[in-house]
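Below is one structure, written out as structure tokens, with a few remarks after it.
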Amino acid sequence: MKAFRILSRNIRDSFKSVFRNFSLSLASISCITITLIVVAVTVVLSFNVSNFTKIVEKDVTIVAFLDLDVTEEEIDEIYDNIITLDNIKCLEMNENGSCTKKDVTFVDKMDISKEMMASSDILKSIMSDYTRENSPVQDTYQIKVEDINLINKTADEIKKIDNVNIVKYGEGMVEQLVTVFDVIRKGSIFVVIALVVVTAFLIANTIKITIMSRKREIEIMRLVGASNINIKLPFIFEGLILGMFGSVIPILVTIYGYSAIYNHFNGQLFTSFIKLIEPTPFVYMTSLGLILIGMIVGMFGSSRAVKKYLKI
Amino acid sequence: MDLIRIMNVKKTYKTGTTAIYDLNLTIEKGEFLFIIGATGCGKSTLIKMLYREEKPTSGKILVGGLDVGKIRNRKVYKLRRKIGVVFQNYQLLPNSTAYENVAFALEVLGLPKEEIHNKVMKVLDLVGLKNKAKQYPNHLSGGEQQRVAIARAIVNGPKILICDEPTGNLDPKTSMEIMDVLEAINELGTTILMVTHDIDIVKKMKKRVILLDSGRVVKDYKAGEYKSESI
């Protein structure tokens, strides 16, 4: 009961002092607002870049060209061999969690020929002379992988299968792409963390100024026998309230701003290849993150600032 | 019965200045005691050590049997609840009313609202400010502000009341009114230690007087003994 009374008094006093020291509270809130907007923009950008890299990675395909004289039995045999490999992407799973269908597509050489003939008249005149038996075009398997980092190993394994002639997956370029995406992803995580840390210090310093102006209040609290935690609590709650207020505008910017951008560009940026993340639930998750950052950083800032005055 | 025992206490600040040299003093429960001396004689350092704002460099200070120098920083509040302190500049919260200022000392202890109200009104009555409970400090005179500070210092029933030049900013008439309040509090059983420069008050009150000079007790006058030695 006593703890509850102290707690409720602290919460009441925190609200009171936010409004009593309004100009300084406003300074802290503005500081939190601005930094959280920067955090929000960085989070939105980095998640979209990450999403885009995932889409690109998903589309990377290994193409296995089969020998020209491959028979239908051998084609089936190659399929059976491919699906036993580890890194092949699974399309369907059964209840036991084992894969029932893998992302391996057979493309018949005659279909490729037809496509080529349809694309230009010259190719049409050349290709029309060939039959299945003497066609220079090869049957292929298009294979998608689970982990793009292991694509090299998987391609090598496919190459070792009998009657597989050549394996292509954009060697060199894919590795580079994976490296670049990895750097971007890690870089954006680093930027977000760095921004949060900078925000924490910025907020801590602003709150420190607020608390400096209330040095007397803290001295009196100490004088009348308030324990350290009793002195700290109202300031910690105050930091929490400032953090909450400070995250309101960044949250609105995230929810309405991102939705507006998404709708304006119809969910894609420049080409249909670069897809934006759908606003729901993304904006709400980001908002939750922002309010949590605001509150935690506010509390941390206050607690750090008031600590200085508790040393005797 | 000894309430405060100061044994061979020395205080040297980090700057190298020694404010108190080998001080010994015993104060009994219920006493009213003046500490006088010229500026810089160590009066403030002495009382700061009593409520553990400063730690003695050597020696021992016992307050109610508690070794003040050994109390951990985070446990100091327990000592502060046994000691009331009043300053020359009142140290009131400017944005809180007289009532709120006094109630503040009880709220930090987590007392129920009703109990706080009863105690605050009782103590405001004792200092003669019952009808000014809702006034803010800047609407009160210096004497009245000091009464609020005294009320706040005694509201949780401390055993000791330390007053650091409580009449320093007040005219002689108001000063005597404050002394009447302090005397009334003393009669209720609270031990009072008052640091002052005001020799007239000391002479009129006829209490025990400790004269400090350069960090040492040079004279300890029993009640009524002090006449008019200059400080």
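What you see is a predicted model; the values in this text were computed from it and never measured. Every chain is numbered from 1 and lettered A, B, ... according to where its sequence line falls, protein lines coming before strand lines.
Around atom CD of Glu278(A), no more than 12 heavy atoms belonging to other residues, nucleotides or ligands sit under 6.0 Å away. At most 12 heavy atoms of other shown residues, nucleotides or ligands fall within 6.0 angstrom of atom NZ in Lys60(B). More than 12 heavy-atom neighbours from other residues, nucleotides or ligands sit within 6.0 angstrom of CE on Met7(B). Applying the 6.0 Å contact sphere to OH of Tyr13(B) captures more than 12 heavy atoms from other residues, nucleotides or ligands. Atom CD1 of Ile249(A) has 12 or fewer heavy atoms from other residues, nucleotides or ligands within 6.0 Å.
Note that CD of Glu107(B) is 9.5 Å distant from CE of Met221(A), once rounded to the nearest 0.5 Å. Taking CD1 from Ile220(A) and CD from Gln91(B), the interatomic distance works out to 5.5 Å, rounded to the nearest 0.5 Å.
Heavy atoms of Leu111(B) lying under 4.5 Å from chain A belong exclusively to its backbone. For Asn156(B), the part lying under 4.5 angstrom from a heavy atom of chain A is the side chain only. Neither the backbone nor the side chain of Leu79(B) comes within less than 4.5 Å of any heavy atom of chain A. If you measure heavy-atom distances from Pro158(B) to chain A, you find no contacts under 4.5 Å at all.
Although no hydrogens or angles enter the test, the distance criterion places no donor-acceptor pair under 3.5 Å between the side chain of Arg74(B) and the main chain of Asn228(A).
Side-chain atoms of Tyr77(B) and Asn230(A), non-hydrogen and from C-beta on, never get closer than 4.5 Å to each other.
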